[in-house]
Amino acid sequence: MRVNRRMTATVATAAVVGLTLAACGSGGSGGDDSGDSAGGQVEVFTWWAAGSEKAGLDALVGVFDEQHPDIEFVNGAVAGGAGSAAKDLLQTRLQAQDPPDTFQAHAGAELQDYIDAAQIEDVSDLYDEFGLTDAFPADLVDRLSSEDGAIYSIPSNIHRANVVWANPTVLEENGIDPEAQYDDLDAWIADLEKLDEAGVTAISVGTTWTQVHLLETVLLADLGPEAYSGLWDGSTDWEGAEVTAALEDFETIIGLTNDDRDGLDWPEATQLVIDGSAAFNVMGDWAVAAFEEQDKVLGEDFTATPVPGTDGVFDFLADSFTLPVGAPDAEGATAWLETVGSLEGQVAFNKAKGSIPARTDADPAEFSEYQQGAIESFSNDTIVSSLAHGAAAPVATLTAISDATSKFTTGASDLAGYQSELAAAAQG
Ligand code: GAL
């Protein structure tokens, strides 16, 4: 559904622009030096439809409106965390030759899917035009490029997936030290069980994609970064004993979560920790924006630490924006991409979104304490790719892993069956 957030303002602006143009005569610029032609628009397709995610998008739109006042932003957001509903709908539109002007896509394997299907344009020229060639880390640009070096999207941000959010009050009330450092999952599970025995929701989770998000962090914790990465390049055996042990931990942890999980998206699952109805939640660091939006203070009202067993590892994902083949308003899309890549756009967006800028020239002092820590971790830690957020595996693999996970967590398969289905999914 298209929602035109500026309908009223646009009508008013159009009237003013009409007057200005008339006053300037046919050669007039309308007083705008941005070079945009009047009357253009850009439908921006994302899944940042509500709450703190929409606040992030709104901040970016604020900069876009300043940089490109003649181009109308059309919000094509489709609700559902991690693109759980948006990606299918997008695929239907792309196959029907009805693309939006630009869409959100994850750096890495997910973007490669769109490149392989010839659904997005090479935007290397825009890197030259906007002076972006040296603006981003080389490793990130590699994940946005085809083998021959053509670049296919402009990144807006970098998120970390392996974060545990906790409510220190709930922990203290149940005799658990909120400052406790857990070396591995076993130590953490011991406290989760203690909370569970006390009748507290030890760890909150939501619908399937959030369960897959939890799964990837459990695999990372138990296998370590090298063997975890090997799951995606074929060098780690999905049928092996190490994976079995990790899946056993996953089964234990799922058993300590809220029963209504399948009906919740990430904001509701994280909200249980914000409200003190659950002790822990594993979620990407877009969650920090939800805490901060509700005036919660890091270190007082909530804590944010790496998932036990993943300290020193940054489970990475990045959002980026594309120019689809056949975009109805390529000029509008180009203007949007310019804003996405600009320093001003990245600072405004990431301050509100909880992520860190993809650009390397942003000043860390502009960001929150949590984000400053994330900026440091990103430059020092071992980087691995997120499964649930398109960096590690193609969409088809993620879909098959999600289906297998849903069967397992709803009791429709046992652990051995789950492991075989995961192994088959990873083979594509
Ligand atoms: C991720 C996306 C993030 C955030 C999250 C929850 O896939 O990269 O920006 O929106 O989903 O919806």
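First listed ligand is number 1; within each ligand, the first listed atom is number 1. Throughout, numbering of the chain's residues begins at 1 and tracks the sequence.
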Inset, instruction - Report all protein residues having a heavy-atom distance below 4.0 Å to some atom of ligand 1; order the list by chain, then number. - result: W47, W48, E53, G81, A82, H106, H159, W266, W286, L317, D319, K353, H389

Inset, instruction - Could I get the full list of salt bridge (Lys or Arg N to Asp or Glu O under 4.0 Å) partners for R261, not counting sequence neighbours? - result: none

Inset, instruction - Fit a plane to each ring of W232 and W238, take the angle between them on a 0 to 90° scale, and name the class: parallel (under 30°), tilted (30 to 60°) or perpendicular (over 60°). - result: perpendicular

Would you give me the side-chain donor-acceptor pairs under 3.5 Å for residues 299-309, sequence neighbours excluded?
{"from": "D301", "atom 1": "OD2", "to": "V297", "atom 2": "N", "distance (Å)": "2.7"}

Legend entry - Parallel, tilted or perpendicular: ring planes of W286 versus H159, cut at 30 and 60 degrees: perpendicular

Legend entry - Set of side chain to side chain contact (heavy atoms under 4.5 Å, CB included) partners for S420, sequence neighbours left out: E239

Inset, instruction - May I ask you to decide if the ring planes of F64 and H68 are parallel, tilted or perpendicular, using 30° and 60° as cut-offs? - result: tilted

